[in-house]
Amino acid sequence: MKTIQSIQALKSLLDTLRKERKTIGLVPTMGALHPGHLSLVKQSRAENDVTVVSIFVNPTQFNNQQDLQTYPRTLEADCRLLEAAGCDLVFAPSETEMYPEKDIRVFDLGAVAKVMEGKFRPGHFNGVAQVVSKLFYIVEPDRAYFGEKDFQQIAVIRRMVQLLNLPVEIRTCPIIREKDGLALSSRNTRLTAGQRQIAPRIAATLKESVTFAKGKSVKEVIDFVVDTLNRQPGLEVEYYEIVDGSTLQPIEKWEESTEPVGCIAIYCGDVRLIDNIKYKRITT
Ligand code: PAF
């Protein structure tokens with residue numbers, strides 16, 4: 001496995017591989033890797049000749065400086081995990097390598113980017129589009145891999161790819177969870193022992209809500225999730241929305257969507273976590 005910091009060096013190596021007709025899979029990450037990321041690497045390895053993992057804590061997607069500063073950075077440990085997972089190339093650029101000058105591009109990401117994370121983290125998705133488009137231009141991957149924990153991000157990236165006519169196939173992998181249900185996230189390392197004990201209530205409540213949903217309206221299910229979690233000391237829901245899985249627009253009636261998905265952002269102490277769950281199409 002090679003670790004490369006320079007765009008030029010990476011591009012020239014990838015050009016050589018492309019001339020040998022090798023297909024390239026890209027797994028964009030911000031590091032602090034966990035088995036969720038490694039499942040993306042595994043999927044990429046199964047579908048491509050070469051797997052590139054980028055590790056870059058992208059400042060333009062953080063709307064909160066405190067979050068950016070406290071974001072875990074564990075490059076050495078990440079490289080060890082990637083080596084063991086069979087990754088071929090790690091791209092770990094510096095901030096000036098990725099942003100030699102301020103990126104002033106503003107993307108028209110449409111309705112998928114206006115709700116939920118888009119509403120509560122202004123500028124976040126534009127920052128994601130900036131960095132992921134740069135990575136796509138640099139790596140020119142055949143396929144790129146994203147986890148379903150960031151469910152809305154996938155829709156936003158698909159929209160960006162369409163907008164820019166980029167020749168990359170977006171592939172997605174299911175959420176990987178701890179045994180107690182907590183969705184794996186780099187931010188979980190910031191939870192105190194006490195918060196770590198409470199956090200599994202999030203996934204458990206989402207799961208319970210699928211059973212609860214039988215015969216209930218969308219609003220009743222939303223209220224169930226919000227009230228159950230907010231009753232738990234140490235948890236505070238920022239939003240819970242049930243949206244159509246493709247348009248990401250909130251639904252009022254189950255019949256409005258063939259793939260309803262519940263998306264949550266919730267504070268566990270000062271750590272902001274997200275998770276989501278798919279509902280079966282329910283006819284009440
Ligand atoms: O999902 C993430 O970790 C980031 O948003 C991504 C896609 C690597 C862009 O910085």
Side-chain angles (χ1 to χ4, degrees), residues 7 10 25-41 43-44 51-65 67-75 77-79 81-82 85 87 89-95 97-99 103 105 107 109 112-113 116-118 120-139 141 143-161 163-164 166 168-176 183-190 248 263 265 271-276:
I7 294 175
L10 179 68
L26 170 67
V27 182
T29 82
M30 297 206 298
L33 302 182
H34 52 63
H37 296 110
L38 301 180
S39 76
L40 302 175
V41 173
Q43 189 70 23
S44 170
T51 291
V52 181
V53 176
S54 63
I55 299 182
F56 179 64
V57 182
N58 172 38
T60 73
Q61 72 187 73
F62 284 83
N63 57 321
N64 175 331
Q65 282 309 301
D67 193 19
L68 173 61
Q69 270 146 28
T70 55
Y71 202 85
R73 289 163 173 86
T74 56
L75 186 59
D78 290 346
C79 287
L81 287 172
L82 290 175
C87 162
L89 289 170
V90 178
F91 177 49
S94 66
E95 201 177 315
E97 184 70 3
M98 282 302 273
Y99 295 107
D103 193 339
R105 291 174 299 160
F107 294 83
L109 297 167
V112 291
M116 302 190 288
E117 294 298 281
F120 285 92
R121 300 182 70 191
H124 166 66
F125 283 133
N126 198 62
V128 170
Q130 287 176 337
V131 77
V132 175
S133 62
K134 274 177 183 270
L135 290 168
F136 285 176
Y137 291 132
I138 295 164
V139 177
R143 299 177 189 85
Y145 295 80
F146 297 90
E148 285 187 353
K149 186 178 73 68
D150 295 288
F151 192 80
Q152 192 179 3
Q153 173 170 273
I154 295 170
V156 169
I157 288 169
R158 286 191 198 284
R159 160 87 185 168
M160 180 204 77
V161 162
L163 200 66
L164 303 177
L166 297 175
V168 51
E169 185 186 341
I170 302 303
R171 306 279 291 140
T172 63
C173 296
I175 301 177
I176 306 289
L184 294 192
S185 161
S186 307
R187 289 191 170 87
N188 293 353
T189 57
R190 292 192 46 225
L248 277 292
C263 298
V271 185
R272 187 178 186 275
L273 301 173
I274 58 171
D275 198 350
N276 61 76

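All ligand and atom numbering here is 1-based and tracks the order in the structure.
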Filtering Pro28, Gly147, Gly31 for the heavy atom nearest atom 8 (C) of ligand 1 leaves Pro28
Counting distance only, does the side-chain N/O of Thr29 pair as donor-acceptor with the main-chain N or O of Ser54 below 3.5 Å? yes
Using every non-hydrogen atom in the two residues, find where Val131 and Phe56 come nearest and quote the distance to one decimal. CG2-CD2, 3.8 Å
Numbered atoms and elements of ligand 1 in range of Thr29, under 4.0 angstrom, heavy atoms: 8 (C)
Checking Glu117 now: which residues fulfil side-chain hydrogen bond (donor to acceptor under 3.5 Å, both in side chains) with it, not counting sequence neighbours? Tyr239, Arg272
With backbone taken as N, CA, C and O and side chain as the heavy atoms from C-beta onward, which portion of Ile157 lies under 4.0 Å from ligand 1: side chain, backbone, both, or neither? neither
Atom pairs and distances, donor-acceptor, side-chain atoms in residues 32-39, under 3.5 Å, two or more places apart:
from: His34; atom 1: ND1; to: Gly36; atom 2: N; distance (Å): 2.9
from: His37; atom 1: ND1; to: His34; atom 2: N; distance (Å): 3.1
from: Ser39; atom 1: OG; to: Gly36; atom 2: O; distance (Å): 2.7

Within 4.0 Å of some non-hydrogen atom of Val131, the atoms of ligand 1 are 9 (C), 10 (O)
How close do Ile154 and Gly147 get, heavy atom to heavy atom, and via which atoms? CD1-O, 3.6 Å
Quick check: Gln153 and ligand 1, any N/O pair under 3.5 Å apart? yes
Atom 3 (O) of ligand 1: closest protein heavy atom, distance to 0.1 Å, is Met30 CG, 3.7 Å
Polar proximity ligand 1 side, Gln61 side, N/O cut 3.5 Å exclusive: yes
Minimum heavy-atom separation for Met30 to Asn58, with atom names? SD-N, 3.7 Å
